[in-house]
Amino acid sequence: MLEALKMQVYKANMELPRRGLITYTWGNVSGIDRATNYVVIKPSGVDYELLKPDDMVIIDLKGNKIEGKYKPSSDTPTHLELYKAFPEIGGVVHTHSPWATSWAQAGRSIPCYGTTHADYFYGSIPCARSLTQDEIENDYEKNTGLVIIETFKGLNASFVPGVLCINHGPFTWGKDAMEAVHNAVVLEEVAKMAFQTEQINVHVKPAPEAIKEKHFMRKHGKNAYYGQ
């Protein structure tokens, strides 16, 4: 079932160690088939060196396992909440990549300091609020997703395809699993650049609105002209 999607999600997961975004099993990628609303996700705690396409787990949006010999990722409830809230996305990634996670642990959103950031993220990459003790103790992973959704009230999830979860790490998304990984790679690079920018100039200000507007819209706007 969903063999093509399982292969895509497997390949997307294998990009995480290849791109230096994870250590050991600290990450996961999922993809959704919107025709069935079935989600394919990495199994929990399986070593990437041992992972195979058939190891991917298929679940429905209620978290019921449809197919697979393993338990799905422990972050599955977060992925499911994002798919339910943002029907335009087709893939979700979670990592503990060091630069982005450093911003998350500091509880800071990443300001847009230049065109690299603006090419992919329309404004700051937000840091979500801390979960309450009750949210942590009851349905922690589901509540992580709900807090992300709360953070995006008034934001366009397609224009800002990522978030930092305070004390935790980044989540990114895209039209499919591979685009979500692409955005995770960019987020990590942008996080590193922003840190270095602030080290060089402690008084640095975000890039002008005109730069943000021009660079994002030339790639993603109605009259986009970047690329072939």
Side-chain angles (χ1 to χ4, degrees), residues 1-61 63-86 88-101 104 120 125 140-142 144-145 148 157-158 161-165 168-192:
M1 180 185 293
L2 300 179
E3 297 305 314
L5 183 58
K6 284 163 64 176
M7 179 60 73
Q8 183 193 78
V9 170
Y10 165 76
K11 289 181 177 179
N13 272 285
M14 298 308 291
E15 278 291 289
L16 299 186
R18 190 174 294 123
R19 298 290 179 176
L21 295 182
I22 64 162
T23 302
Y24 296 125
T25 60
W26 304 352
N28 43 73
V29 184
S30 69
I32 188 170
D33 174 63
R34 290 292 183 181
T36 60
N37 276 332
Y38 287 168
V39 173
V40 175
I41 194 165
K42 175 187 174 289
S44 180
V46 175
D47 194 309
Y48 275 81
E49 293 179 359
L50 304 176
L51 205 59
K52 301 185 295 296
D54 283 345
D55 295 333
M56 300 299 106
V57 184
I58 302 177
I59 53 176
D60 64 21
L61 285 176
N64 300 309
K65 185 160 73 170
I66 305 301
E67 181 181 289
K69 59 184 177 181
Y70 293 116
K71 294 187 298 182
S73 167
S74 58
D75 293 306
T76 294
T78 308
H79 290 238
L80 297 183
E81 292 305 318
L82 296 179
Y83 286 127
K84 288 187 283 188
F86 306 134
E88 67 273 23
I89 70 175
V92 174
V93 174
H94 173 53
T95 75
H96 290 250
S97 58
W99 291 99
T101 299
Y120 289 88
I125 300 163
Y140 169 64
E141 292 83 6
K142 177 179 179 177
T144 297
I148 293 172
S158 294
V163 68
L164 305 176
C165 292
H168 190 176
F171 282 83
T172 59
W173 45 83
K175 68 184 180 192
D176 55 30
M178 292 305 294
E179 184 175 271
V181 171
H182 186 94
N183 289 333
V185 173
V186 173
L187 172 55
E188 180 69 355
E189 290 298 312
V190 164
K192 178 169 67 173

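Computed from a predicted structure; not experimentally measured.
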Practice item. Would you check, one step at a time, whether the test side-chain contact (heavy atoms from CB on, under 4.5 Å) holds for L80 with V39? Key: CA-CA 8 Å; L80 297 183; V39 173; 3.8 Å; yes
[X] side, atom [atom1]; [Y] side, atom [atom2] - distance, nearest 0.5 Å:
X   : Y   : atom1 : atom2 : value
T25 : E49 : OG1   : CD    : 11.5 Å
D54 : E67 : CG    : CD    : 8.0 Å
N13 : Y10 : CG    : OH    : 9.5 Å

Is there a donor-acceptor contact under 3.5 Å from the side chain of [X] to the main chain of [Y]?
X   : Y    : answer
N64 : D60  : no
K65 : G68  : yes
H94 : P170 : yes
D55 : K52  : yes
E3  : M1   : yes

Revision key, fill the gap. R34 meets the salt bridge (charged side-chain N to carboxylate O under 4.0 Å, His left out) criterion, sequence neighbours left out, with none
Please table the atom pairs, donor to acceptor, closer than 3.5 Å between any side-chain atom in residues 178-186 and protein atoms at least two apart or in another chain.
unit_1	atom_1	unit_2	atom_2	d
E179	OE2	K175	N	2.8
H182	NE2	Y120	OH	3.3
N183	ND2	W173	O	2.8
N183	ND2	E179	O	3.4

**Study point:** Pairs meeting criterion side-chain hydrogen bond (donor to acceptor under 3.5 Å, both in side chains) with involvement of residues 73-83, two or more places apart
**Key:** N28-S73, N28-D75, N28-H79, S30-H79, S30-Y83, E81-K84
Study note, to complete from the structure: Applying side-chain hydrogen bond (donor to acceptor under 3.5 Å, both in side chains) to S44 and not counting sequence neighbours gives none
Check your understanding: Any salt bridge (charged side-chain N to carboxylate O under 4.0 Å, His left out) pairs touching residues 182-191, not counting sequence neighbours?
Key -> E189-K192
Check your understanding: Would Y24 and D47 count as a side-chain contact (heavy atoms from CB on, under 4.5 Å) if you check the C-alpha gap in whole Å, the side-chain angles of each, and the deciding distance to 0.1 Å?
Key -> CA-CA 7 Å; Y24 296 125; D47 194 309; over 6 Å; no
Exercise for review: Might you point out which heavy atoms bring S158 and E88 nearest each other, and give the distance in Å?
Suggested key: OG-CG, 3.1 Å
Check your understanding: Excluding sequence neighbours, so at least two apart, what forms side chain to side chain contact (heavy atoms under 4.5 Å, CB included) with P77?
Key -> E141, K142
Review point. Between V93 and F171, is any pair of side-chain heavy atoms under 4.5 Å apart?
Key: no
